[in-house]
Protein chains: 2
Amino acid sequence: MSKAPSATTLRREAQFEALMQSAEKRICEDGVGALKARDLAADIGVALGGLYNIVADMDDLMLRLAQRTMVRLDAALEAGAASAAAEHPVEVLEGIALAYYDFARQNLQLWRALFEMRLKNPALPEWNIQAQLGLFRHMNAPMTALMPAASEAERILVARTLFSAVHGIVFVGLEERLIAVPQEALAQQIRWLVRAACKDLK
Amino acid sequence: MSKAPSATTLRREAQFEALMQSAEKRICEDGVGALKARDLAADIGVALGGLYNIVADMDDLMLRLAQRTMVRLDAALEAGAASAAAEHPVEVLEGIALAYYDFARQNLQLWRALFEMRLKNPALPEWNIQAQLGLFRHMNAPMTALMPAASEAERILVARTLFSAVHGIVFVGLEERLIAVPQEALAQQIRWLVRAACKDLK
DNA sequence: AAAAAAATTGAACGACGTTCATTTTTATAT
DNA sequence: ATATAAAAATGAACGTCGTTCAATTTTTTT
């Protein structure tokens, strides 16, 4: 049987959740560069030094934020995959790609934070790497349907290529420092690329 | 007739060049995050405050570094485009894509600095935006050959999509924090994607 | 209720980009 | 050549940042 969590533990969890939410709010408003230890400590009503009882350091904080974002992204991709019937694998891949685009648009700053966070220690923890690789999971079934004769390694490689290509289109397309591409046109381009790539697979 | 440059002006130019080279060396060795005003000042034999006679601030420094990198990238893309005959536009596009991959691989940290630099003032100066958009120039001729009936706006849109997709493949592929894709396999994937996309254009 | 352990605090530290009064060097005028 | 004005170079100082730690307060255990 498991012990009832102590009052201290409960407060810790509440503090952690408050910290995450405050950090997410600040990222959404001003980008990942606006995350400041002092601001966050003030937000959640804790002394500056107290932050380091909740997270190890700012790297840890950002990696945990990334994890939360990836969990939500994973759910979004799952929903995107489910928007088409499994008998039409190309449409499933299209659904995933468009879901990715949609998630990036609607969570722009949090999504950008996934790539923009600059860690003191560049090595990612294993749980973070696994979460990233796990995002490809949704492409497994449609890729297998499209490439029944290929090896698993081959399928994974192509899936990653396709995902990367879509990511690139989204990334450049949402780069508002350049001339922005209209949303509908961008979605159209994504659909085109996925379809063109899949057409060539057969 | 133009005045002969004064001794001061000549020294300025020499200092600027030394600063750029020292900065590039440091980026190549330790990434863009390792650029420190004090280090650079020491490198080129100038007092800390003197840096601000050579560049306006660190933003300015990084933007000028980006400019230099883009000039070299532009030349690399041009050479890549020239590696195939103009009568085979798909091969030209392939050459450009592979040249981009090659440049990124051989100038990994400088290339990454293009995307990783975090500016205090996020607005890019016009000359930097133009340099970025100018990179698409090399795709003009092959895209026109591939889409003779399309409008110019359409061609630009598709060119940008294709370039972005290749960028995404390169970007994710070189992300050494994840499982690395073998170089030859990555080049193969790029070739496949470009060919598949072009096949669909006709 | 006392003792031990854990959590919280905020002042202090070192590193950073940037500024500025002062000094030194260069350019101009006599 | 020399005096004067202008420009450039200096490095100490400032404000901000993440992080640490001795001291204090709170919680848990005995």
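Lettering follows sequence order; numbering is per chain, from 1.
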Rounded to the nearest Å, what distance is computed from the CG atom of residue A/Leu35 to the P atom of nucleotide D/dG18? 9 Å
Could you tell me the separation between the NZ atom of B/Lys36 and the C1' atom of D/dT16, rounded to a whole number of Å? 14 Å
Separation of A/Leu119 atom CG from D/dG18 atom P, in whole Å? 14 Å
Mind checking A/Ile54 for me? I need base, sugar-phosphate or nothing, with any heavy atom below 4.0 Å counting as a touch. nothing
Give A/Leu61 one of three labels, base, sugar-phosphate or nothing, depending on what nucleic acid heavy atoms sit under 4.0 Å from its own. nothing
Would you please confirm or rule out a distance under 4.0 Å between OP1 or OP2 of D/dA9 and any side-chain N or O of B/Arg11? yes
Respond yes when some side-chain nitrogen or oxygen of B/Arg12 is under 4.0 Å from OP1 or OP2 of D/dA9, and no when none is. yes
Return yes when atom CD of B/Gln21 has more than 12 non-hydrogen atoms of other residues, nucleotides or ligands closer than 6.0 Å, and no otherwise. yes
Can you measure A/Leu48 atom CG to C/dA7 atom C1' for me and round it to whole angstrom units? 16 Å
I need the CZ-P distance between A/Arg26 and D/dC17, as an integer number of Å. 11 Å
Do B/Leu174 and B/Tyr101 touch side chain to side chain, with heavy atoms closer than 4.5 Å? yes
If you find the nucleotide of DNA chain C closest to A/Ala47 and the one closest to B/Asp57, which residue's nucleotide is nearer the 5' end? A/Ala47
Look at A/Arg118 and D/dG18 and indicate whether a side-chain polar atom (N or O) is within less than 4.0 Å of OP1 or OP2. no
Could you check whether B/His138 and B/Tyr100 have their ring centres less than 6.0 Å apart? no
Measure from the side chain of B/Arg38, starting at C-beta and using heavy atoms only, and say which of C/dT19, D/dT19, D/dA13 lies closest. D/dA13
Look at the side chain of A/Asn107 and the backbone N and O of A/Phe103, then say whether any donor-acceptor pair between them is shorter than 3.5 Å. yes
Crowded around A/Glu17 CD? As in, over 12 foreign heavy atoms under 6.0 Å? yes
Could you give the OH-to-P distance, from B/Tyr52 to D/dA12, as a whole number of Å? 16 Å
Roughly, in whole Å, what's the span from CG in A/Asp60 to P in D/dG18? 15 Å
Which comes earlier along DNA chain D counting from the 5' end, the contact point of A/Ala56 or that of A/Asp39, where each point is its nearest nucleotide? A/Asp39
Distance below 4.0 Å between B/Asn53 side-chain N/O and D/dA9 OP1 or OP2: yes
For B/Thr8 and C/dA27, is the shortest distance between a side-chain N/O and OP1 or OP2 below 4.0 Å? yes
Nucleotide nearest A/Met58 when distance is taken to its side chain, options C/dT18, D/dG11, D/dT19: D/dT19
It should be established whether B/Gln15 places a side-chain nitrogen or oxygen under 4.0 Å from OP1 or OP2 of nucleotide D/dA8. no
